Amino acid sequence: MLLKKILTERIEAIMSRSNLDGMPALIQNASREEFGDYQVNGMMAAAKRLKENPRELAGNLKQALESDETIEEIVSKIEIAGPGFLNLTLKPDFLIRAVNSPPPQTDNAETVVVDFSSPNLAKEMHVGHLRTTLIGDTMARVFEYQGHKVIRQNHVGDWGTQFGMLIAYLDSAGTSADDLKDLEIFYQKAKKQFDEDPDFAEKSRSYVVALQQDQPDVLVKWRAFIEISMSHCEAIYSDLNVTLHQKDTFGESQYKGTIPAIMETLTKEGLITKSNSALCVFLDEFTDKNGEKQPVIVQKSDGGYLYSTTDLAAIRHRAHELRADRILYFVDARQTLHFKQIFALARKAGLCPPKVVMDHISNGAILNKAGKPFKTRDGNTVKLADLIKESRERAKEIFLAKNDKADLSSVEEIANAIGIASIRYSELSKHRETDYVFDWEMVLSMEGNTAPYLMYMYTRSKSLLIRSELTDSDLPKEPQPEGPIERRLVLKMAQLNDVIDSVSRECLPHLLCLQLYEIATAFARFYEELPILSSPEKDRLRRLAITSKVATKLSNGLDLLGIKVLEKM
RNA sequence: GGCUCCGUAGUUCAAUGGAUAGAACGGCCGCCUCCUAAGCGGCAGAUACAGGUUCGACUCCUGUCGGGGCUACCA
């Protein structure tokens, strides 16, 4: 049940029977609590178009709404305010019905390909991979929650020139299996030798060629390397509760067989131009100021392919073999131009049917504390494995400081859960498009708008329910809120489905974090200010019933964020 | 140079063109004989600058200043 949708439909239906036919009602959450629950903003715009007085239009609409039974059953109060706002207050029984309503299921289930995480297997995962991995994971969960069929695609970088270098280094004297424990250092050492030692560089290049020609002995080494690297990634996914598994990995190397067919298609469509001995596609859409078309290189002058070509092959695979209705790429904003180009190219070459939607869901960059780009070359990179370890240790410290007589066997479990939840929430609670400053203190913070806060409110709600010794069957099904504190809490819960719907449409998980936080703060207030277990039976049962719904909403919402709740902390 | 994104409290983040720009952290002041103080209440504090469009602008447009990113053979 989507409150805003219901209000909009019903109000616009009434408007359509007047001189306001076809005008939008523009329903919004009330900007201040004293204005009620929702506001109708459309009267000012309508007045402008009709050249009438907005307050008069608002007055007319108010009358029409008040005499309509579809409004009467859900709205308790309508007020005209300011230049022509209509402020609506909803009926408590309608609010609680909204709280009880099932999650918003999609009307038409689609097959959604979600491309996310996609780390470069030549290096270890670092904080730069956090956003795509966690936002993609959360959106995949949200789409599934709504009834879509989700196909996760981890488009790992397991192919290309750098692997020749790594294999050559793996192969060189004095390198033991131990060296692979730290992939980042292994990569840096290999890179260093590549840059300093011409013989080694030459050997690396020959490995690339051998790899591309499927030379068995080299392939064995390559596979060994990929396996080790993937196991690092899988450990991270498992720790972070990311829903990516072996079956979701479909790396660049898997497209190498289909690239010739892609090239053939491009050629057949007459799109290929040879320029400076590289094969390029020049599209009309991409020109500089002088009208010079900008190229997309699909084959290098040495015959090698680039990631553009691989991405085209991936599009065809996803549109045709995977039968996607939508293909979503969770990749950072630096690749905006790249995706514009390959989407346009894929359309032109007929690799993706017009009805299949392709979208680049971009995210902002990571900056250091000075506001400068957080680049790997700086040597400042923070490995995800280290971040996870640090966060768990921090959580354990805090837990022990707060619980001196804690059962030691549960300490590790609780600290681990909180540590992971903190990392996920700190990332997901930010708007995905803005650049973000990486700060250990921020990520590891456990006060205020953080995962531990939400988890703590959940444990408080559970604690009340356990102490009450009642179950849901003992409690009223539709506890109508009484008083402003209960009302506010129930309203925030009633709006959760609207928010999940927005998250899904705009791929903005931070909206869900915000709503859950508001439910949690409203519950904190409820918990602090109202007696629950010690209140008279009628109040006790009603408040416990509301508490039970809080527990459910928090747990379900956090689950969508990939955060597991704890019964105690 | 061209294209593009971004400048909001000391800091980190919010705000489908709507009413008095919200939080959190940090700072200051309060609250545990009472359902878990990882909590609650209160105070101080911000839209880079200049124009414009609009009944109404953090939001849209133009310019200025400042900072990213992308821009032909890395991915």
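Residue numbers begin at 1 in each chain, while the letters A, B, ... track the order of the sequences. Quantities reported herein were computed from a predicted structural model and do not represent experimental measurements.
Distances from the side chain of A:Cys280 to the nucleotides B:C35, B:A72, B:G18 place B:A72 closest. Comparing B:C13, B:A38, B:U36 by their closest approach to the side chain of A:Ile418 singles out B:A38. Distances from the side chain of A:Asn41 to the nucleotides B:G18, B:A37, B:U12 place B:G18 closest. When distances are taken from the side chain of A:Glu34 to each of B:U20, B:A19, B:C70, the shortest belongs to B:U20. Relative to the side chain of A:Thr161, the nucleotides B:U20, B:C74, B:C35 differ in distance, and B:C74 lies closest. When distances are taken from the side chain of A:Phe282 to each of B:C40, B:G68, B:A72, the shortest belongs to B:A72. Of the candidate nucleotides B:C35, B:U11, B:C13, B:C13 has the atom nearest to the side chain of A:Tyr436. Here B:A14 is the nucleotide among B:A14, B:A19, B:G39 with the atom lying nearest to any side-chain atom of A:Thr434. Here B:A75 is the nucleotide among B:G39, B:A19, B:A75 with the atom lying nearest to any side-chain atom of A:Gln335. Listed nucleotides: B:G18, B:A14, B:U11. Nearest to the side chain of A:Gln39: B:G18.
In this structure, A:Arg460 reaches the B:A37 phosphate: one of its side-chain N or O atoms is under 4.0 Å from OP1 or OP2. For A:Arg467 and B:U36, the shortest distance from a side-chain N or O to OP1 or OP2 is below 4.0 Å. Phosphate proximity of B:A75 to A:His155: absent, as no side-chain N or O sits under 4.0 Å from OP1 or OP2. Checking the phosphate oxygens (OP1, OP2) of B:A14, no side-chain nitrogen or oxygen of A:Tyr517 falls inside 4.0 Å. Residue A:Arg525 places at least one side-chain N or O under 4.0 Å from the OP1 or OP2 atom of B:G41. Side-chain N/O atoms of A:Lys430 include none lying less than 4.0 angstrom from OP1 or OP2 on B:C13. In terms of phosphate contacts, A:Ser534 brings no side-chain nitrogen or oxygen within less than 4.0 Å of OP1 or OP2 of B:C35. One finds a side-chain N or O of A:Tyr453 lying less than 4.0 angstrom from the OP1 or OP2 phosphate oxygen of B:C40. Using a 4.0 Å cut-off, no side-chain N or O of A:Ser445 falls inside it from OP1 or OP2 of B:A38.
A gap of 14 Å separates the C1' atoms of B:C13 and B:G7, to the nearest Å. Atom name C1', nucleotides B:U47 and B:U4: the rounded distance is 23 Å, in whole Å. To the nearest whole angstrom, the two P atoms, one in B:A21 and one in B:C49, are 16 Å apart. A gap of 15 Å separates the P atoms of B:A48 and B:U12, to the nearest Å. B:G10 sits 33 Å from B:U62 when the C1' atoms are compared, rounded to a whole Å. Between B:G22 and B:U59, the distance separating the two C1' atoms is 15 Å to the nearest Å. Using C1' as the reference atom, B:C58 and B:C25 are 22 Å apart when rounded to the nearest Å. Only the C1' atoms considered, B:A44 is 16 Å distant from B:G30, to the nearest whole Å.
No contact: A:Ile466 has no heavy atom under 4.0 Å from any strand. Contact annotation for A:Met442: backbone-only contact, meaning every heavy-atom pair under 4.0 Å involves sugar-phosphate atoms and none involves a base. Among the heavy atoms of the strands lying under 4.0 Å from A:Leu514 are primed sugar atoms or P, OP1, OP2 only; no base atom is included. Using a 4.0 Å heavy-atom criterion, one finds that A:Ala81 contacts the bases of the nucleic acid, with or without backbone contacts as well. The residue A:Asn276 sits close to a base: some heavy atom pair falls under 4.0 Å. As judged by a 4.0 angstrom heavy-atom cut-off over every strand, A:Ile532 is placed among the base-contacting residues. Within the nucleic acid shown, A:Asp498 has no heavy atom closer than 4.0 Å to any nucleic acid atom. Within 4.0 Å (heavy atoms only), A:Leu454 reaches no atom of the nucleic acid at all. Base engagement by A:Met569 is indicated by at least one non-hydrogen atom pair under 4.0 Å involving a base atom. Using a 4.0 Å heavy-atom distance criterion, A:His338 is classed as making no nucleic acid contact. Note on A:Ala278: a base of the nucleic acid sits closer than 4.0 angstrom, heavy atoms only.
Evaluation of A:Tyr456 against the base of B:G39 yields no stacking contact (centre distance < 5.5 Å, interplanar angle < 30° required). Here A:Phe85 packs flat against the base of B:A19; its ring centre is closer than 5.5 angstrom to the base's six-membered ring, tilted by less than 30 degrees.
Applying the Watson-Crick and G-U wobble criteria (two distances, each under 3.5 Å), B:A19 pairs with nothing in any strand. Pairing for B:A9 is absent, with no Watson-Crick or G-U wobble pair whose two atom distances lie under 3.5 Å. Across all strands shown, B:U47 has no partner, as no Watson-Crick or G-U wobble contact with both distances under 3.5 Å is found. Nucleotide B:C28 forms a Watson-Crick or G-U wobble pair with B:G42, both donor-acceptor distances falling under 3.5 Å. When Watson-Crick and G-U wobble pairs are counted only if both distances are under 3.5 Å, B:U59 pairs with no nucleotide at all.
With hydrogens and angles ignored, no donor-acceptor pair closer than 3.5 Å exists between the side chain of A:Asn403 and the base of B:A38. With hydrogens and angles left out, the side chain of A:Gln28 and the base of B:U16 share a donor-acceptor pair within 3.5 Å. Counting distance only, with no hydrogens placed and no angle test, the side-chain atoms of A:Ser275 and the base atoms of B:A72 include a donor-acceptor pair under 3.5 Å.
Nucleotide B:C32 carries a syn base; the chi torsion (O4'-C1'-N9-C4 or O4'-C1'-N1-C2) is within 90° of 0.
When each of A:Tyr329, A:Phe250, A:Phe116 is tested with A:Gln153 by the rule side-chain contact (heavy atoms from CB on, under 4.5 Å), just one qualifies, namely A:Phe250. Here the options are A:Lys492, A:Gln495, A:Arg488, the test is side-chain hydrogen bond (donor to acceptor under 3.5 Å, both in side chains), and the partner is A:Glu518; only A:Lys492 passes.
The residues A:Glu393 and A:Lys396 are annotated as not salt-bridged, no charged nitrogen and carboxylate oxygen being separated by less than 4.0 angstrom. Ionic pairing of A:Lys293 and A:Asp284 is present here: one or more N-O contacts between side-chain nitrogen and carboxylate oxygen are shorter than 4.0 angstrom. Ion pairing of A:Arg394 with A:Glu441 is present here, as a side-chain N (NZ or NE/NH1/NH2) and a carboxylate O approach within less than 4.0 Å.
Using modelled atom types, one finds no donor on one side chain facing an acceptor on the other under 3.5 Å when comparing A:Thr309 with A:Gln299.
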> Given the rule in the side chain to side chain contact (heavy atoms under 4.5 Å, CB included) test, do A:Gln162 and A:Asn120 qualify, once you have shown the distances and angles that lead to the verdict?
Replying inline: CA-CA 10 Å; A:Gln162 58 208 332; A:Asn120 180 350; 3.3 Å; yes
>> Between A:His338 and A:Tyr307, is the side chain to side chain contact (heavy atoms under 4.5 Å, CB included) condition met? List the steps.
In response: CA-CA 10 Å; A:His338 165 72; A:Tyr307 76 139; 3.3 Å; yes
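Residues A:Ile297 and A:Thr459 each lie close to RNA chain B; by heavy-atom proximity, the contact nearer the 5' end of the strand is made by A:Thr459. RNA chain B is contacted by both A:Leu86 and A:Leu306; A:Leu86 maps to the nucleotide lying nearer its 5′ end (nearest heavy atom per residue).
Between A:Phe526 and A:Phe523, the ring centre distance stays below 6.0 Å.
The main-chain N or O of A:Leu3 is found under 3.5 Å from a side-chain atom of A:Asp498 such that the two form a donor-acceptor pair.
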